[in-house]
Amino acid sequence: MSLEIKKYDVVIVGAGLAGLAAARELQVAGKNVAVITKLHPLRSHSGAAQGGINAALSEEDSIELHEFDTVKGSDYLADQDAVNLMCSKAPETIRWAEHMGAAFSRTEQGTIAQRPFGGQSKPRACYAKDRTGLTLLQTIYEQMHRENVKVYDEWYCMDLLYEDGKVNGVVAYDIKSTQTAIFNAKAVMFATGGYGRAFSVNSNAHANTGDALSIVARHGLPLEDMEFVQFHPTGLAGSGVLISEAARGEGGRLYNSEGERFMERYAKEKMELAPRDVVSRAITTEIREGRGVGPNKDAVAIDLTHLGEEIIMERLPELRDLAITFLGQDMIKEPIHIAATAHYSMGGIPCNIDGQVQKSPTELVEGFYAAGECSCVSVHGANRLGANSVLEALFFGRHVGKAIARDVDGLGFKDATEQNAQKALAQLETLLTNNGSERVPELRNELQESMTFDAGVFRTRETLLRQKEKIAELKRRYKDIRIDDKSKVYNTDLQEAIELGHLIDFSSFIVEGALAREESRGAHYREDFPTRNDEKFLQHTFGYMKEDGSIELEYADVVLGKFEVKERTY
Amino acid sequence: MKTQTITFNVFRFNAETDYLPYYKNYELEVGQDDLVLDILNRIKWEQDGTFSYRRSCRHGICGSCAIKVNDKPVLSCKVNVLELVEQFGTELTIDPQDKSRAIKDMVIDKKNFWEKYDAVKPYLIADVEEHPDKENIVSKDEAEQLLEADYCIQCGSCVYACSALGVNEDYLGPAAFAKAYRFNADVRDEAKIERLEIVDELGSGVWDCVKCNECAEACPKEVNPIEKITKLHNQLFAENVAAKNVASKHAVGFKHSMEKHGLLDEGELVRYSEGNLGVMKHIPEAITMFRKGKIVLPWNMPKSKNLDEVKKLIKSSSTVEEYKGSK
């Protein structure tokens with residue numbers, strides 16, 4: 001079987017907001033660019049963002065205030081130069097999307113409407129009803145499509161061509177035929193999204209398996225701050241499907257099985273409107289101490305009935321619909337059952353402010369870029385604020401696209417050979433022919449459940465050590481898997497097996513990072529070290545996977561700036 | 001929790017190995033919160049890993065998982081199984097959106113869907129200001145004109161339920177027209193006429209809609225494509241793009257008849273739509289219809305008692321206009 005080698009200036013993996021925005025910039029700049037996605041671009045998870053996208057547009061708001069809120073929200077772990085760049089470019093970014101067709105909700109004056117969001121000092125979240133991500137994804141896709149960018153949809157990226165400090169392309173296969181090809185390029189950009197699927201209860205799409213992270217890690221390249229995973233307080237019981245922050249914003253009240261409005265004990269002043277990490281911990285504590293509701297006692301109740309039908313139908317219609325679909329609970333008539341759900345990945349592939357991927361805290365990889373949720377610039381530090389994620393994806397996607405357009409002519413093109421695909425081909429062959437006794441869905445369940453239980457909202461040395469062992473066990477058992485589907489046509493069994501390998505590999509970074517970080521900061525909470533320790537841990541974690549699968553850690557300085565590091569109180 | 005035993009009769013086909021598709025039965029215990037996607041997952045994860053389907057977001061926003069259950073278009077992650085059981089009984093048949101396009105089980109080749117999407121210039125056409133310091137001012141009323149057409153998630157439910165498409169492959173179909181309307185209704189767009197010329201084409205354009213309403217029924221996001229198709233009809237007349245052809249003349253003739261008689265003059269309508277020569281070929285049907293009293297001779301055409309009311313109604317609501325010197 002001869003292997004096709006396709007040649008481009010730039011190959012982008014992932015077709016959400018970040019990947020598509022970069023692709024459009026490169027195409028407009030006259031570069032020969034292709035986008036690879038395992039879905040169709042319009043199926044990307046950027047489209048699921050509900051609430052909004054931040055920009056200091058109004059007279060009473062300011063860029064500096066947006067920066068401050070972001071840095072404070074990050075528990076001071078965000079790099080302030082990156083935050084400054086993103087916040088100062090936010091108004092232009094949003095207006096650019098508007099000029100390209102985004103269907104924002106409007107004020108009486110016809111300008112872009114904005115709403116308040118958690119942790120923001122001003123109403124700053126520009127929105128399109130409760131489907132902001134959808135209109136942005138459609139718009140960027142449409143305008144990229146208008147520029148005739150080449151998209152390989154339903155292609156699965158398996159490996160990175162990385163040699164002597166330079167990236168020369170990727171290996172991918174066509175899901176429809178399992179036909180493998182090399183995409184040989186001067187530069188590669190990863191924009192593959194988050195890693196929430198490592199947890200059993202999560203708000204993420206099935207596709208969010210963090211593929212790029214493990215692909216990168218297997219080449220010995222670092223991952224940064226992986227222990228920071230945001231748990232959103234209001235996921236629907238069981239499924240974890242997101243009920244937007246708007247539910248609390250509009251006045252939702254949380255109750256346990258004893259009918260107690262328990263937030264009084266955790267955040268007497270802010271009550272339900274305390275930050276996401278605080279509310280998530282409160283909910284999880286109630287459940288752990290046996291005061292949960294529902295058939296499995298694995299949830300608490302959020303009551304919105306006092307708002308009345310009119311307000312619910314006007315402001316929360318989509319949320320009502322979701323609760324009916326998933327739980328058969330109508331929030332107009334009864335409280336609905338929710339629990340904390342793994343939602344957003346703050347960590348990822350370390351990169352500098354132009355999206356250039358780092359080989360270490362001080363060195364860069366040549367010809368390799370990343371943006372969006374799979375990257376760690378870092379603008380979110382230890383905890384992301386609502387409505388900053390779509391901003392990051394859209395702004396940095398575009399910014400990194402421009403950076404590549406600027407750099408690419410100076411990057412060498414190294415011709416790939418079929419040999420470069422051997423590792424990927426061997427992996428495919430093994431998975432297709434392995435005749436072991438383990439099954440993918442079972443291993444995946446065990447990983448997700450144990451990650452939620454032992455490396456989730458609450459962590460201790462004991463639970464993390466247990467999880468470290470569990471991952472080692474799963475790695476061993478993974479070698480003994482058998483898939484049912486041996487065919488070459490749209491083999492999702494095969495794809496799920498590859499994805500499971502990715503989930504296991506990057507999960508070990510989450511656990512090792514969390515184990516070593518003996519403090520509590522933002523979304524990372526150690527019961528045995530409940531306070532923040534700036535002296536020791538005002539630092540980014542860099543993890544490297546060794547040949548034997550073990551993880552080695554080092555730390556890098558946070559880029560501080562005009563905002564003094566203070567205690568984070570609300 | 002109470003469960004019910006349901007038999008799922010599932011379409012299976014692998015283009016690589018199967019000459020013909022077949023159905024395979026899976027029995028599952030279904031709980032009250034189970035969605036169709038949960039069933040697809042359980043078949044794959046618990047019983048048969050070769051079973052294939054598309055899915056991603058699992059909460060009704062990415063549009064991947066649309067299939068058919070007992071011929072009803074269903075976005076798997078949005079539809080409760082026991083509600084389908086209530087409608088169809090305890091045996092459910094699971095099919096891909098279009099069996100003739102199946103590649104593997106529920107996975108179909110959607111090339112035709114995306115080609116139709118591409119055909120309507122599905123993007124805002126205006127000069128993109130790359131570094132704007134102001135947004136366009138769009139009033140709330142103007143923004144509302146999109147009529148939620150921007151809510152379409154391209155799941156294809158309407159397209160693979162469309163009766164017109166079933167008999168005419170060239171027809172662009174409800175999703176593409178909803179998209180065309182989405183941009184034509186946008187005050188920022190500058191290519192309305194170009195898009196209208198596309199949707200005016202006989203065969204592929206909006207005139208081939210048979211108004212069966214299946215698209216509106218099928219849509220999981222309540223985009224109501226047929227409403228957008230009607231709006232495009234209106235725009236075709238309002239912008240003088242409607243070519244003088246059998247379809248648009250049919251619409252105008254219909255209005256004429258109603259204005260004149262308050263009733264439909266079937267014979268005159270045919271003459272109006274197809275011209276004096278065109279009408280000749282319908283003479284055999286006309287004779288049959290005349291015998292059954294379905295049409296009358298022109299001088300015997302009665303008038304509605306409520307002709308004045310009908311005229312008022314036409315005045316207030318008709319979107320069909322005379323051709324104003326169009327092509």
Original post:
What part of A:A102 gets closer than 4.5 Å to chain B, counting heavy atoms only: side chain, backbone, both or neither?
Top reply: backbone
**OP:** Could you check which of A:T107, A:N491, A:T93 has the highest count of heavy-atom pairs closer than 4.5 Å to chain B?
**Re:** A:T107
Subject >> Side-chain (A:R439) to main-chain (B:E46) donor-acceptor, under 3.5 angstrom >> reply: no
Original post:
Is the number of heavy atoms from other residues, nucleotides or ligands within 6.0 Å of CG (B:D127) greater than 12?
Top reply: no
Original post:
When heavy-atom pairs shorter than 4.5 Å are enumerated against chain A, which of B:C62, B:S56, B:S52 gives the highest number?
Top reply: B:S56
Subject >> Whether B:E135 side chain and A:I112 backbone form a donor-acceptor pair below 3.5 Å >> reply: yes
Original post:
Between the side chain of B:E129 and the main-chain N/O of A:R95, is any donor-acceptor distance below 3.5 Å?
Top reply: no
Subject >> A:E25, part contacting chain B, at a heavy-atom distance under 4.5 Å >> reply: side chain
Original post:
Between B:R188 and A:G101, is there a donor-acceptor pair closer than 3.5 Å when you use the side chain of the first and the backbone of the second?
Top reply: yes
Original post:
Of the backbone (N, CA, C, O) and the side chain (C-beta and beyond), which part of A:E318 lies under 4.5 Å from a heavy atom of chain B, both, or neither?
Top reply: side chain
Original post:
With no hydrogens and no angle check, is any side-chain donor or acceptor of A:R106 less than 3.5 Å from a backbone partner on B:S139?
Top reply: no
Subject >> Winner by heavy-atom pair count (cut-off under 4.5 Å) against chain B, out of A:K89, A:H45, A:H145, A:K176 >> reply: A:H145
Subject >> Considering all heavy atoms, the nearest B:L35-A:F326 contact >> reply: CD1-CE2, 3.4 Å
Original post:
What is the minimum heavy-atom distance between A:M100 and B:V128, and which atoms define it?
Top reply: CG-CG1, 3.5 Å
Original post:
Between B:K44 and A:T492, is any side-chain donor less than 3.5 angstrom from a side-chain acceptor?
Top reply: yes
**OP:** Answer yes or no: is there an ion pair linking B:K111 with A:E154, defined by an N-O contact shorter than 4.0 Å?
**Re:** no
Original post:
Do the non-hydrogen side-chain atoms of A:E98 and B:P132 ever get within less than 4.5 Å of each other?
Top reply: no
**OP:** Can you measure from CD1 (A:I175) to CD1 (B:I103) and round to the nearest 0.5 angstrom?
**Re:** 11.0 Å
Subject >> Under 3.5 Å donor-acceptor, B:R54 side chain and A:L39 backbone >> reply: no
Original post:
With respect to chain A, which residue among B:N14, B:N80, B:T17 yields the maximal number of heavy-atom pairs within a distance under 4.5 Å?
Top reply: B:N14
**OP:** Report the option among A:L137, A:I483, A:L327 that has the most heavy-atom pairs separated by less than 4.5 Å from atoms of chain B.
**Re:** A:L327
**OP:** Go through B:D105, B:D34, B:D118 and name the one with the most non-hydrogen pairs under 4.5 angstrom from chain A.
**Re:** B:D118
**OP:** Identify which of A:R146, A:E496, A:E92 forms the greatest number of heavy-atom pairs closer than 4.5 Å to chain B.
**Re:** A:R146
Subject >> N/O donor-acceptor pair under 3.5 Å between A:Q143 side chain and B:Y123 backbone >> reply: no
Original post:
Which atoms of B:E144 come close to chain A, meaning under 4.5 Å heavy atom to heavy atom: side chain ones, backbone ones, both, or neither?
Top reply: side chain
Subject >> A:L134, part contacting chain B, at a heavy-atom distance under 4.5 Å >> reply: side chain
Original post:
Using non-hydrogen atoms only, which part of B:D38 is less than 4.5 Å away from chain A: side chain, backbone, both, or neither?
Top reply: neither
**OP:** Heavy-atom pairs under 4.5 Å with chain A are the metric here; pick the option from B:A143, B:A15, B:A126, B:C155 that has the most.
**Re:** B:A126
**OP:** Using a cut-off of under 4.5 Å on heavy-atom pairs, state which of A:I324, A:T135, A:T111 scores highest against chain B.
**Re:** A:T111
**OP:** Could you tell me which portion of A:R482 (side chain, backbone, both or neither) has an atom closer than 4.5 angstrom to a non-hydrogen atom of chain B?
**Re:** neither
Original post:
Which atoms of A:S239 come close to chain B, meaning under 4.5 Å heavy atom to heavy atom: side chain ones, backbone ones, both, or neither?
Top reply: both
Original post:
Just how far is it from atom CD of B:E130 to atom CZ of A:R24, taken to the nearest 0.5 Å?
Top reply: 4.5 Å
Original post:
Passes salt bridge (Lys or Arg N to Asp or Glu O under 4.0 Å), A:E142 versus B:K179? Steps please.
Top reply: CA-CA 11 Å; A:E142 286 155 6; B:K179 189 54 85 181; 3.4 Å; yes
Original post:
Can B:K104 and A:D485 be said to form a salt bridge (Lys or Arg N to Asp or Glu O under 4.0 Å), step by step?
Top reply: CA-CA 12 Å; B:K104 175 102 166 275; A:D485 198 341; 2.8 Å; yes
Original post:
Under 4.5 Å between any side-chain heavy atoms of B:H59 and A:L242, yes or no?
Top reply: no
**OP:** Determine whether A:V489 and B:F13 make a side-chain contact, defined as any pair of heavy atoms from C-beta on separated by less than 4.5 Å.
**Re:** no
**OP:** Check whether any side-chain heavy atom of B:F51 sits under 4.5 Å from a side-chain heavy atom of A:D484, and report yes or no.
**Re:** no
Original post:
Is a side-chain donor or acceptor of B:H131 paired with a backbone partner of A:W96 at a separation under 3.5 angstrom?
Top reply: no
**OP:** With a 4.5 angstrom heavy-atom cut-off, could you sort out which part of B:V107 is near chain A: side chain, backbone, both or neither?
**Re:** side chain
Subject >> Validation row: A:H99, B:N136 side chains within 4.5 angstrom (heavy atoms) >> reply: yes
Subject >> Heavy-atom pair count under 4.5 Å with chain A, highest-scoring of B:K78, B:K110, B:K134, B:R58 >> reply: B:R58
Subject >> Atom pair CH2/CG of B:W114 and A:D153 - distance to nearest 0.5 Å >> reply: 8.0 Å
**OP:** Heavy-atom distances under 4.5 Å only: say whether B:L146 touches chain A with side chain, backbone, both or neither.
**Re:** side chain
**OP:** Find the one option among A:A128, A:G133, A:A103 whose heavy-atom pairs under 4.5 Å with chain B are most numerous.
**Re:** A:A103
**OP:** Drop me the distance from B:I153's CD1 to A:R131's CZ, to the nearest 0.5 angstrom.
**Re:** 11.0 Å
Original post:
A:D321 versus chain B, heavy atoms under 4.5 Å apart: side chain, backbone, both or neither?
Top reply: side chain
Subject >> Proximal component of B:C152, with respect to chain A [non-hydrogen, under 4.5 Å] >> reply: backbone
